[in-house]
Amino acid sequence: MGENELRGGVGLRMWGALVGAVLIAPTLIVIPLSFTGKASFTFPPESWSLRWYQNFFTDPGWRDALLTSVRIALLVAVLASALGTAAALALDSGRVPGKGLINGLLLSPMIVPQIVAAIGVYAVFLKWGLAGTTLGFVLAHTALAIPFVIVAVSAVLRGYDRRLEQAAASLGAGPLTTFFQVTLPLILPGVLSGAVFAFVTSLDEVVIALYLQSPELHTLPVQMFSSVTVETDPTIAAASTLVLVVTTMLILLPQLLRRRSPEETR
């Protein structure tokens, strides 16, 4: 390795560490604030308490918002995983006309500003009577989550050998048998990774949720937005800390499983 390459590698690692520190820094304030003993955002906290975590799980507004978000996110994870996996398999087969255009359209929710998507979704769903309904939330969040599933599954399919399907077919397996016993087990890590990202995408989404909410149905991010704009309630710090911990664990879980799987097969 040359000296320039070594310097470049060190510089890249330093830059990555700096970006990571900037992203992590706000949590070093939010997490301690969730344990404050006073109804204020004074930092550092003058006293310590678990009262805001207790309030998060006992207050009907926060509890209902959490249950609504989890219910919608689970439905989105299942639906987006099914549709995204089917789309990734179809695009990988190479028999789809206009493959590049279709792939671009499916991935477009990743680059379209969410405020633009939110206005469009709200205008359409208002006409269809889906605004303020669970179905409306699930459909909107699924559209946002499908690209993440496609990317995750497509990454696994790059190393997938299609000859395995041909071998299964030559032994008399039908299309469904081949898919469930050959294809799905091999691409399952990508499907699970996509499902995790779909769940997290729905759980954290706030812009579209602000448009689709109703007095009877709103998600946890909407509740958090309302809390921070209307009142001084450190419960939002407790909610933010819990969401941060849950999403971090969910994102790291597929990576840990991938690292363990080679060791278990030895």
Side-chain angles (χ1 to χ4, degrees), residues 19-37 39-41 43 45 48-81 109-110 114-115 117-118 134 137-138 140-145 147-149 152 192-214 217-256:
V19 172
V22 171
L23 294 175
I24 295 174
T27 64
L28 301 180
I29 298 177
V30 173
I31 294 176
L33 284 178
S34 67
F35 295 98
T36 183
S40 68
F41 291 115
F43 186 84
W48 303 93
S49 174
L50 294 174
R51 59 182 290 195
W52 306 114
Y53 287 93
Q54 180 182 5
N55 185 63
F56 176 78
F57 288 107
T58 57
D59 183 86
W62 288 101
R63 186 178 63 248
D64 293 346
L66 173 63
L67 294 176
T68 298
S69 288
V70 172
R71 182 176 71 251
I72 292 174
L74 288 173
L75 293 173
V76 169
V78 173
L79 184 58
S81 297
M110 299 179 69
Q114 283 200 345
I115 184 62
T134 299
F137 273 97
V138 171
H141 287 182
T142 298
L144 295 179
F148 295 97
V149 179
L192 294 179
S193 296
V196 168
F197 280 106
F199 182 89
V200 172
T201 298
S202 176
L203 190 67
D204 289 345
E205 201 285 319
V206 63
V207 180
I208 293 178
L210 284 171
Y211 280 83
L212 295 183
Q213 67 167 322
S214 69
L217 183 68
H218 58 272
T219 60
L220 182 59
V222 173
Q223 178 71 18
M224 295 168 65
F225 180 84
S226 302
S227 176
V228 77
T229 55
V230 174
E231 58 185 344
T232 303
D233 184 4
T235 305
I236 189 176
S240 301
T241 301
L242 291 172
V243 170
L244 174 66
V245 171
V246 171
T247 54
T248 301
M249 292 177 60
L250 288 175
I251 291 174
L252 292 179
L253 182 60
Q255 305 300 325
L256 295 176

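The first residue of the sequence shown is numbered 1, and numbering continues consecutively from there. The basis for the numbers below is simple: all heavy atoms, side chains too, and nothing from hydrogens, waters or symmetry mates. Computed from a prediction, not measured in an experiment: that's the story for all the values here.
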Which heavy-atom pair separates [X] from [Y] by the least distance, and what is that distance?
X: A65; Y: Q223; value: CB-CB, 3.9 Å
X: A143; Y: P147; value: O-CD, 3.4 Å
X: Q213; Y: V222; value: OE1-CG1, 3.3 Å
X: A77; Y: A198; value: CA-CB, 4.0 Å
X: P221; Y: L203; value: CG-O, 3.1 Å

Heavy-atom donor-acceptor pair, [X] side chain to [Y] backbone, under 3.5 Å:
X: T36; Y: L33; value: no
X: T241; Y: A237; value: yes
X: S69; Y: T219; value: no
X: E205; Y: I208; value: yes

Euclidean distance, [Y] [atom2] relative to [X] [atom1], rounded to 0.5 Å:
X: L67; Y: I72; atom1: CG; atom2: CD1; answer: 11.0 Å
X: S34; Y: I236; atom1: OG; atom2: CD1; answer: 12.0 Å
X: L66; Y: L220; atom1: CG; atom2: CG; answer: 6.0 Å
X: F148; Y: S193; atom1: CZ; atom2: OG; answer: 13.0 Å
X: W62; Y: W52; atom1: CH2; atom2: CH2; answer: 11.0 Å
X: L50; Y: F57; atom1: CG; atom2: CZ; answer: 11.0 Å

Under a 4.5 Å cut-off applied to non-hydrogen side-chain atoms, are [X] and [Y] in contact?
X: L75; Y: H141; answer: no
X: V149; Y: F197; answer: no
X: V246; Y: V200; answer: no
X: T58; Y: Y53; answer: no

Pair T68, L217 - check side chain to side chain contact (heavy atoms under 4.5 Å, CB included), show working. CA-CA 7 Å; T68 298; L217 183 68; 3.4 Å; yes

When you look at T201 and V76, which way does the side chain to side chain contact (heavy atoms under 4.5 Å, CB included) test go after all the steps? CA-CA 9 Å; T201 298; V76 169; over 6 Å; no

Is there a side chain to side chain contact (heavy atoms under 4.5 Å, CB included) between F35 and S49? Walk through the geometry before answering. CA-CA 5 Å; F35 295 98; S49 174; over 6 Å; no

Tell me if the CZ atom of F225 is crowded by more than 12 foreign heavy atoms within 6.0 Å.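 12 or below, so no.
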
Apply side chain to side chain contact (heavy atoms under 4.5 Å, CB included) to the pair L242 and F56, showing each step before the final yes or no. CA-CA 10 Å; L242 291 172; F56 176 78; 3.6 Å; yes

